[in-house]
Amino acid sequence: MESRKNNSPRKILVTAALPYANGPIHIGHLVEYIQTDIWVRFQKLRGHQCIFIWADDTHGTAIMKSARDHQCSEEEFIARMSTEHQRDFRGFQIEWDHYGSTHSDANRLICHEIWSALNRAGLVVKRQVVELFDAETGEALPDRFVKGKCPKCLSPGQYGDNCDKCGHTYRATDLVEPISALSGKPPVEGATDHFFVRIEELHDFLEDWTAPGVHLQEEVSNYLRGHFLSEPLRDWDVSRPAPYFGFTIPETDNQHYWYVWFDAPIGYIASTKEWCDLNNQKLDDWWRNDDVEIHHFLGKDIQYFHCLFWPAMLKTAGFNLPTREHIHGFLTVNGEKMSKTKGTFIKAETYLRYLDPAYLRYFYAAKLGSRLDDIDLNFNDFKAKVDTDLVNKVVNLASRSAKFVEAIGLSPTYPDDGGLFAQAAAAGERIAEHYEECEFSQAMRLIMELADRANPFVENAQPWVLHKDPSKVQELQEVCTIALNLFRQIAIYLAPVLPEFAERVGALFNDPIVSWKQSQSPLVGRSLSKFTHLLKRVELKDIEAMIEASKQTEATPTPAHLIDDATQSTTVEWQDSDEALQAEPLAAECSIDDFARVDLRVARIIEAEHVPEAKKLLKLKLSLGGDNVRTVFAGIKAAYEPAQLVGRLVVMVANLKPREMKFGTSEGMVCAAGSGGSEVYLLAADSGAVPGQRVH
RNA sequence: GGGGCGGUAGCUCAGUUGGUUAGAGCAGGGGACUCAUAAUCCCUUGGUCGCGGGUUCGAGUCCUGCCCGCCCUACCA
């Protein structure tokens, strides 16, 4: 990293892994995205030209299936996901320069370009592959889309790659009594042509490129070199037979598509291309230019794609290679994997309804180092860290001194503070180095040391005593000038982590925080804006409510073909109690004609929103197909979030007499089970049903 | 099955190329203060550094065996 030695601005292109357009963002994803955002903001604050290029990853079998489940086109589905993703990221104060999609013209073009280069280099070969297909849809089935019994131990509900009970690995074709996740029918075996990239040809290059400590962390190098590079690299299968959602491979008569992992990283370049077009820049100035640093942030689960295939592709096509790949570990919550049943599988959207994003940003920063270690989100720790560090130590500096000088402002010259400001200014470089090396936890530690030195100063200077003696106004002003400047210095150092907080601090001093350099000189002789609370403590009840809400959102029906191991397992013994039945005994017998008077229909929720004044109600728009849309007020507010309802198929009473309610007319009823309150479980239709169909 | 990483005070972690009585923050205990979102400040109690061998004048730090935990495992190991 020679460029770090001199002070000229660097040109830095940063990417985070592309979120897969198949589901919502959760707090596990956010480890990486917050990490990336902090690093980018840091570079910008330091005055470097840094762009954060991002996109949704949109191709593959999983997307096809999800689109089908939602009964919309893939394009519609990924558009919706992209909107949701970006909304969540904004909520966490993540700021990118461009957000693209791998399903774009730009990406198609660059895929073609790289494909030609691979062909020209003679790296592409075609071979027959025997694999499983869905008997109904004709789609090839990835291993994760085939379930059956482990051929070794006969454990049921295992995926097509290995058995999580006995650990045995096998091929999907070896499964006993296999079932396709798409149709639920037994898959059929077939042989098709696949295209492979012979990356073994680049073995020497990769051996060299993966040297420890250069572009990769040491553990990553060890892993790649010890495992993959110690033997000839296998040819990489980069194609999938039609039907597939993705880009067709040229000259294959639309019969072959690029595998999603082929075009996903190319999305980094394509999204840059789009940004260039919007900003009057040339792509080659960013991807074919030795003056540019390229930094990828990604999780350890996708190392091999980014550290073997990706450099091989870039090298062959003559693009810049990554300067550095920053690979992080996973998130555990309270020491365990995130769990849907324990309510620790927390979606970004859910978090934001209960807690300030600044908390999570700071907590992750305080935990993150440059290595692949997993980090644990322990909620006791979370609250202690945020309250103690940010509120009790940092914010306290301002809240205990600002009001004394509200009327008179800061001293005209910076008083003698015994070297505190200068000492903290000098610490800036070390803090910056830690940010640079992604050692955020070290940076946070150093910053908190500054707060720990500033608070005793205030303690000894006793502004509250000076305040009582009118002859000591000047001394009081000086003490507060020092305290507030030490506070502001800390806020600048924290700005990459807490951008919104930094903004408020800027407003307090009437001097926006825009550069790291501002930490090096104190502000004097200026008035202050009125001090307002900058950050409040974490409320335990909010955490509890968030966890509770995360549990509830998982009590939603799952399409039959996705039901998990436990429900397919033959060893499960059903032990449902009769509690529910006792609580609400069966109604009097009715005739079939009685039942027929109630017209139950499948409907799709096309809109869902909170009714501000209503305690229990959500306002839903239900579509019965075509122009037939009903407005229904449903008492499910405690159990469901509007956003998770949209797109879902439900069962409604369609011929119920409309009812005038306080907030409008309700034109029907949504069927749900449960005792009420948060115990509400909507009835769903299995995939295949369409809006308007009657329930018999 | 294969592999990666880790096991240091109650908790979260630091411990540089092996070197004097093993550190920090939080929590706990005692005191001070009352400006501050019951915050802050001072003092203080906690550790056979997972277990056993070995190398060395000297090991948390290197080697080795074992135990435990977490994680990863591309059409794959």
Side-chain angles (χ1 to χ4, degrees), chain A residues 127 129-132 140-144 146 152 160-164 166-173 194 196 199 217-224 226-228 230-231 233-240 259 261 299-306 308-309 327 329-332 335-337 363 366-367 369 371-376 378 380-385 387-404 439 441-442 444-446 448-449 451-452 454-468 476 479-480 483 531-537:
Chain A
R127 261 208 311 276
V129 170
V130 175
E131 62 193 317
L132 296 174
L141 295 167
D143 288 347
R144 288 270 140 179
V146 186
K152 192 174 181 188
D161 44 6
N162 63 38
C163 174
D164 64 7
C166 73
H168 185 59
T169 53
Y170 42 79
R171 288 149 37 95
T173 47
H194 277 234
F196 292 79
I199 54 166
Q217 290 125 296
E218 218 172 300
E219 312 95 290
V220 177
S221 296
N222 291 342
Y223 168 61
L224 298 171
H227 217 93
F228 299 98
S230 57
E231 51 191 78
L233 291 161
R234 288 184 180 79
D235 294 346
W236 181 32
D237 185 351
V238 294
S239 77
R240 295 293 180 270
Y259 173 44
W261 265 111
K300 61 185 177 182
D301 52 332
I302 54 175
Q303 309 174 49
Y304 41 77
F305 292 112
H306 282 80
L308 295 175
F309 306 139
I327 302 176
F330 276 59
L331 179 74
T332 55
E336 301 175 328
K337 255 189 180 171
F363 184 79
K367 285 273 174 182
R371 307 212 300 165
L372 277 80
D373 303 338
D374 292 340
I375 68 173
D376 184 47
N378 173 291
N380 294 325
D381 204 27
F382 174 83
K383 174 172 167 52
K385 202 105 197 132
D387 287 356
T388 309
D389 289 359
L390 295 184
V391 183
N392 300 355
K393 287 181 179 177
V394 176
V395 172
N396 188 41
L397 281 170
S399 53
R400 72 194 306 198
S401 53
K403 73 167 193 187
F404 292 128
E439 293 286 1
S441 61
Q442 308 268 19
M444 296 308 108
R445 200 176 284 249
L446 287 183
M448 289 311 139
E449 276 178 23
D452 284 338
N455 271 310
F457 165 81
V458 178
E459 199 74 18
N460 293 329
Q462 298 186 304
W464 55 94
V465 175
L466 301 173
H467 177 59
K468 288 171 187 156
L476 174 66
V479 166
C480 294
F531 179 77
T532 51
H533 277 191
L534 293 166
L535 198 69
K536 68 179 183 91
R537 294 198 173 75

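Side-chain atoms are counted along with the backbone in the values below, which use heavy atoms only and exclude waters and symmetry mates. None of these values were measured; they are calculated from a predicted model.
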K.L.:
Let me know the distance between CG of Asn396(A) and P of A36(B), rounded to the nearest Å.
P.N.:
10 Å
K.L.:
Of all the nucleotides listed (C72(B), C75(B), A36(B)), which has the minimum atom distance to the side chain of Val129(A)?
P.N.:
C75(B)
K.L.:
Show the nearest heavy-atom pair for residues Leu466(A) and Ala461(A), with the distance to one decimal.
P.N.:
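The answer is CD1-O, 3.7 Å.
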K.L.:
Might you point out which heavy atoms bring Ala483(A) and Phe457(A) nearest each other, and give the distance in Å?
P.N.:
N-CE2, 4.4 Å
K.L.:
Quick check for you: among C75(B), A36(B), C26(B), whose closest atom lies nearest to any side-chain atom of Ala384(A)?
P.N.:
C26(B)
K.L.:
For the pair made of CG in Asn378(A) and P in C11(B), what is the distance, rounded to whole Å?
P.N.:
11 Å
K.L.:
Is any side-chain N of the basic residue among Arg400(A) and Glu459(A) closer than 4.0 Å to the acidic one's carboxylate O?
P.N.:
yes
K.L.:
Nearest of C41(B), A36(B), C35(B) to any side-chain atom of Pro456(A)?
P.N.:
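Given the options C41(B), A36(B), C35(B), the side chain of Pro456(A) is closest to C41(B).
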K.L.:
Could you check whether Tyr259(A) gets within reach of a base, just the sugar-phosphate, or nothing at all, counting any heavy atom under 4.0 Å?
P.N.:
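If one applies the 4.0 Å heavy-atom cut-off, Tyr259(A) turns out to touch the sugar-phosphate alone, with no base involved.
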K.L.:
I want to confirm an ordering. Mapping Asp235(A) and His533(A) to their closest nucleotides on RNA chain B, which one lands closer to the 5' end?
P.N.:
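Its nearest nucleotide lies further toward 5', so the answer is His533(A).
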K.L.:
Tell me the interatomic distance from Tyr304(A), atom OH, to A77(B), atom C1', rounded to whole angstroms.
P.N.:
13 Å
K.L.:
Using the P atom in both, what is the distance from G50(B) to G7(B), to the nearest Å?
P.N.:
7 Å
K.L.:
Tell me what Leu397(A) touches on the nucleic acid: a base, only sugar-phosphate, or nothing, going by heavy atoms under 4.0 Å.
P.N.:
nothing
K.L.:
Go through Tyr304(A) and Tyr223(A) one step at a time and tell me if the ring-ring contact (aromatic ring centres under 6.0 Å, His included) criterion holds.
P.N.:
CA-CA 9 Å; Tyr304(A) 41 77; Tyr223(A) 168 61; 7.4 Å; no
K.L.:
Taking atom C1' in both G10(B) and U17(B), compute the distance separating them and give it to the nearest angstrom.
P.N.:
34 Å
K.L.:
I'd like the C1' distance from A77(B) over to G18(B), given in whole Å.
P.N.:
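It comes out at 37 Å once rounded to the nearest Å.
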K.L.:
Kindly point out which of G6(B), U12(B), C72(B) is positioned nearest to the side chain of Phe330(A)?
P.N.:
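Closest nucleotide among those given: C72(B).
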K.L.:
Would you kindly give the OH-to-C1' distance between Tyr223(A) and C5(B), to the nearest whole Å?
P.N.:
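Rounding to the nearest Å, OH of Tyr223(A) and C1' of C5(B) are 13 Å apart.
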K.L.:
What does Arg240(A) touch in the nucleic acid at a heavy-atom separation under 4.0 angstrom: a base, only the sugar-phosphate, or nothing?
P.N.:
base
K.L.:
Looking only at atom C1', what distance separates C49(B) and G23(B), rounded to whole Å?
P.N.:
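Those two atoms are separated by 12 Å.
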K.L.:
Distance check: side-chain N/O of Arg400(A) vs OP1/OP2 of U34(B), anything under 4.0 Å?
P.N.:
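Answer is no, no contact under 4.0 Å.
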K.L.:
So what does Phe228(A) touch, heavy atoms closer than 4.0 Å: a base, only the sugar-phosphate, or nothing?
P.N.:
base
K.L.:
Have a look at G46(B) and give me syn or anti from its glycosidic angle (syn if within 90° of zero).
P.N.:
syn
K.L.:
Please classify the nucleic acid contact of Val465(A) as base, sugar-phosphate, or nothing, using heavy-atom distances under 4.0 Å.
P.N.:
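Contact class for Val465(A): none.
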K.L.:
May I have the step-by-step check of salt bridge (charged side-chain N to carboxylate O under 4.0 Å, His left out) for Asp235(A) and Arg127(A), ending in yes or no?
P.N.:
CA-CA 10 Å; Asp235(A) 294 346; Arg127(A) 261 208 311 276; 3.0 Å; yes
K.L.:
Any side-chain donor paired with an acceptor under 3.5 Å for Thr332(A) and Asp376(A)?
P.N.:
yes
K.L.:
Specify the separation, in whole Å, of atom CG of Leu233(A) and atom P of A77(B).
P.N.:
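Leu233(A) atom CG is separated from A77(B) atom P by 13 Å.
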K.L.:
Pairs counted as Watson-Crick or G-U wobble with both distances under 3.5 Å: what dot-bracket string results for RNA chain B, using | for bases tied to another strand?
P.N.:
(((((((..((((.....[...)))).(((((.......))))).....(((((..]....))))))))))))....
K.L.:
In terms of relative ring orientation, are Phe305(A) and Trp236(A) parallel, tilted or perpendicular, with 30° and 60° separating the classes?
P.N.:
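Plane angle between 30° and 60°, so tilted.
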K.L.:
Suppose you measure atom C1' in G31(B) against the same atom in A14(B); what distance do you get, rounded to whole Å?
P.N.:
30 Å
K.L.:
May I have the distance from Arg234(A) (atom CZ) to U73(B) (atom C1'), rounded to whole angstrom?
P.N.:
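Rounded to whole Å, this separation is 12 Å.
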K.L.:
Compare side-chain N and O positions of Lys468(A) against OP1 and OP2 of C35(B) and report whether any pair is under 4.0 Å apart.
P.N.:
yes
K.L.:
Starting the side chain at C-beta, find the nucleotide from U73(B), G25(B), G15(B) nearest to Asp301(A).
P.N.:
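For Asp301(A), the side-chain atoms sit closest to U73(B).
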K.L.:
Of the candidate nucleotides C75(B), C26(B), A36(B), which contains the atom at the shortest distance from the side chain of Thr388(A)?
P.N.:
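The answer is C26(B), which lies nearest to the side chain.
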K.L.:
Separation of Asn392(A) atom CG from C26(B) atom P, in whole Å?
P.N.:
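Rounding to the nearest Å, CG of Asn392(A) and P of C26(B) are 10 Å apart.
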K.L.:
Just to confirm, is there a sub-4.0 Å distance from OP1 or OP2 of G25(B) to any side-chain nitrogen or oxygen of Lys385(A)?
P.N.:
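Looking at the OP1 and OP2 atoms of G25(B), neither is under 4.0 Å from any side-chain N or O of Lys385(A).
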K.L.:
In this structure, how many angstroms lie between the C1' atom of G23(B) and the CD atom of Glu449(A), rounded?
P.N.:
12 Å
K.L.:
Regarding His467(A) and Gln462(A), is there a side-chain donor-to-acceptor distance under 3.5 Å anywhere?
P.N.:
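There is no such pair (donor and acceptor under 3.5 Å, judged by atom type) between the side chains of His467(A) and Gln462(A).
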K.L.:
Is Lys383(A) paired with Asp387(A) through a side-chain N to carboxylate O contact shorter than 4.0 Å?
P.N.:
yes
K.L.:
Give Leu535(A) one of three labels, base, sugar-phosphate or nothing, depending on what nucleic acid heavy atoms sit under 4.0 Å from its own.
P.N.:
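Base contact - Leu535(A) has a heavy atom under 4.0 Å of at least one base atom.
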K.L.:
Please determine, for the side chain of His194(A), which listed nucleotide (A77(B), C75(B), U40(B)) has the closest atom?
P.N.:
C75(B)
K.L.:
I want to confirm an ordering. Mapping Trp464(A) and Gln442(A) to their closest nucleotides on RNA chain B, which one lands closer to the 5' end?
P.N.:
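In this pair, the answer is Gln442(A).
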K.L.:
Using a heavy-atom cut-off of 4.0 Å across all strands, would you classify Asp237(A) as base, sugar-phosphate, or nothing?
P.N.:
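Base contact.
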K.L.:
Expressed in whole Å, how much space separates the C1' atoms belonging to G19(B) and U56(B)?
P.N.:
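Per the computed distance, 12 Å lies between those C1' atoms.
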K.L.:
What integer number of Å spans the P atoms of A9(B) and G52(B)?
P.N.:
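Roughly 16 Å separates the two P atoms.
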K.L.:
One thing to verify: whether Arg240(A) and Asp237(A) come together as a salt bridge, which I'm taking to mean a side-chain N less than 4.0 angstrom from a carboxylate O.
P.N.:
yes
K.L.:
Nearest to the side chain of Asn455(A) - U40(B), C35(B), C75(B)?
P.N.:
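Nearest nucleotide to the side chain: U40(B).
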K.L.:
Between U34(B) and C51(B), how far is it from one P atom to the other, in whole Å?
P.N.:
49 Å
